[in-house]
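Step one of this worksheet: look at the structure below.
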Amino acid sequence: MKRRLAWLTGDARADRVVPPTGAPARLTLLTSAAMAFLAVFALTLSLATGRLAERWSQALADGATIRISAPPEQMAAQTKVVLDILAVTPGVASARALDPAETRALLAPWFGPDLPVESLPIPALVELREDAAGLDAEGLRLRLAAEVPGAVFDDHARWRRPLVEAAGRLRALGLVSLALIGGVAAAMVTLAARAALAANGQVIRVLRLIGARDAYIARAFVRRFTLRALAGAAAGTLAGMVAVALLPNADAAGGFLTGLGLSGTGWLWPLAIPPFAAIVAFWATRAAAFRTLREVQ
Amino acid sequence: MIEFQDVAHGYGGGRLLSDMTLSLPPGSFHFLTGPSGAGKSTFLKLCYGELSPVAGRISVFGQTIAGMSRDDIARLRRRIGVVHQDCQFLDHLPLAENVALPLTVSNRAANPTELDELLAWVGLSGQAASLPPSLSGGERQRAALARAVITSPEVLLADEPTGNLDWEMSLRLLTLLVELNRMGTAILVATHDMNLIRAAKAQVSARVLRIRGGQVQVAGAEL
């Protein structure tokens with residue numbers, strides 16, 4: 001453990017052995033900051049879409065609607081038959097017919113608030129909630145078809161599936177983006193490290209000739225690039241978290257896309273980005289250093 | 001200490017050195033001579049593992065170099081002091097830190113008093129803080145010698161150590177090498193400077209190896 005930590009705690013004398021690495025080190029700092037900034041957004045997207053998928057799924061999963069189309073004079077009677085059927089259907093926790101005011105509210109976004117619901121041939125709606133055991137949707141459909149031909153049972157699956165699928169895809173895209181960002185960061189650090197190693201070819205040769213082990217030489221480069229990646233990623237993560245915190249509240253837009261930022265323990269996840277960046281930089285630089293050292297006798 | 005058994009080496013398929021069988025015992029003093037391009041530097045590089053032979057076996061301190069890991073090679077080099085022809089300094093470090101580098105890379109700290117004494121021994125007391133590019137050729141050669149001996153190596157290899165020096169400075173460096181040899185360090189000096197070899201006659205019992213036709217021969221009786 002002590003030896004592993006020595007890679008980061010370092011040795012002042014050993015550090016001086018390799019001259020300042022200048023541009024490659026600065027590139028690592030900037031790249032890490034930019035990648036961490038992007039990673040915060042990819043992570044936020046992934047977490048938020050995960051929450052959305054869950055919310056949409058839960059909100060729609062235990063609810064269902066029965067739409068009753070009938071001549072106006074039969075509407076009340078057919079609605080009562082439907083409610084009677086539901087009252088004896090296993091798995092139904094509650095059922096109620098929506099009154100005209102609720103129907104008007106549902107249609108308001110499309111037709112405005114002054115829709116004369118009573119004078120239009122609008123189907124009646126019965127909202128039902130399933131209990132934990134769930135109901136037999138196909139059995140209910142068959143019974144409704146037999147007793148109330150104008151009633152159509154809708155368990156929301158038609159709406160729920162594409163929404164949940166879309167949210168799931170977005171979440172997967174967020175995770176893929178995170179992986180890509182990690183890969184690009186590793187590639188950039190590798191390039192920067194190799195540039196620094198190439199620029200210090202003579203230093204490496206001299207150190208080998210006077211008895212330096214590969215691990216000793218690699219350590220000087222690895223520590224330098226790991227610490228810069230850590231510092232850059234910390235700055236980028238902080239900036240990203242501030243930007244996420246300042247995202248506008250979308251509640252006013254109707255609540256459909258609310259919760260796109262981070263919330264609760266979700267704020268802890270971005271804190272993993274700087275150490276992750278440091279780990280990526282550590283292994284990328286170490287691999288580059290040992291590959292370069294193998295070319296020196 | 002260093003043994004060559006039927007060793008051959010070459011570049012690009014050709015053979016520069018071949019059929020070399022010789023032994024450098026502890027405490028010995030050898031000169032390796034021959035015209036430029038004869039393979040003197042190559043011979044030294046074979047001794048400390050910078051080059052690998054294409055045939056034969058080289059053993060140093062009883063260990064065959066061919067079978068060594070890179071870490072073992074590094075440890076071997078800590079027991080061999082090398083004065084490179086072009087000195088090989090780290091130009092961003094002051095002279096004192098350059099001289100102490102063999103200790104630094106083996107995670108040992110140089111004793112400041114001993115470091116001062118070492119710099120005084122090579123006549124560089126006042127240059128401890130100087131950067132290598134600001135030193136003269138003679139100062140660089142002496143600094144290279146100081147760096148080569150700071151770990152008290154059992155053998156010292158010097159590649160044209162007087163190549164850039166005037167005669168007076170060459171003699172001064174030779175004196176330092178002879179002092180080291182009297183303290184028990186085996187010395188192998190590659191040089192084409194016959195005057196230096198003749199000057200050594202008066203100070204030390206040395207053997208001269210000559211590279212001719214790709215082979216190492218003993219040039220004559222002890223000087």
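Here is how names work: the chains are called A, B, and so on, in the same order as the sequence lines, proteins then strands, and each is numbered from 1.
The environment of NE2 in His192(B) is sparse: at most 12 heavy-atom neighbours from other residues, nucleotides or ligands sit within 6.0 Å. In the displayed structure, Phe276(A) atom CZ is contacted under 6.0 Å by at most 12 heavy atoms of other residues, nucleotides or ligands.
Scanning all heavy atoms of the two residues, the minimum distance from Ala212(A) to Ala74(B) falls at O-CB, 3.7 Å.
A distance of 7.0 Å separates CD in Gln202(A) from CG in Asp86(B), rounded to the nearest 0.5 Å. To the nearest 0.5 Å, atoms CD (Gln88(B)) and CZ (Arg208(A)) are separated by 14.0 Å. The distance from atom CD1 of Ile210(A) to atom OH of Tyr48(B), rounded to the nearest 0.5 Å, is 12.5 Å. Atoms CG and CG, on Leu101(B) and Leu209(A) in that order, are 11.5 Å from each other to the nearest 0.5 Å. Between Thr104(B) atom OG1 and Leu207(A) atom CG the span is 9.5 Å, to the nearest 0.5 Å.
In this structure, chain B has heavy atoms under 4.5 Å from both the backbone and the side chain of Leu293(A).
Listed options Ile80(B), Val82(B), Leu90(B) were ranked by heavy-atom pairs under 4.5 angstrom with chain A; first place goes to Leu90(B). With respect to chain A, the highest number of heavy-atom pairs below 4.5 Å among Arg79(B), Arg147(B), Arg77(B) belongs to Arg77(B).
Judged by distance alone, the side chain of Arg70(B) and the main-chain N or O of Asp214(A) form no donor-acceptor pair under 3.5 Å. Formation of a donor-acceptor pair under 3.5 Å by the Arg78(B) side chain with backbone atoms of Gly211(A) is found in this model.
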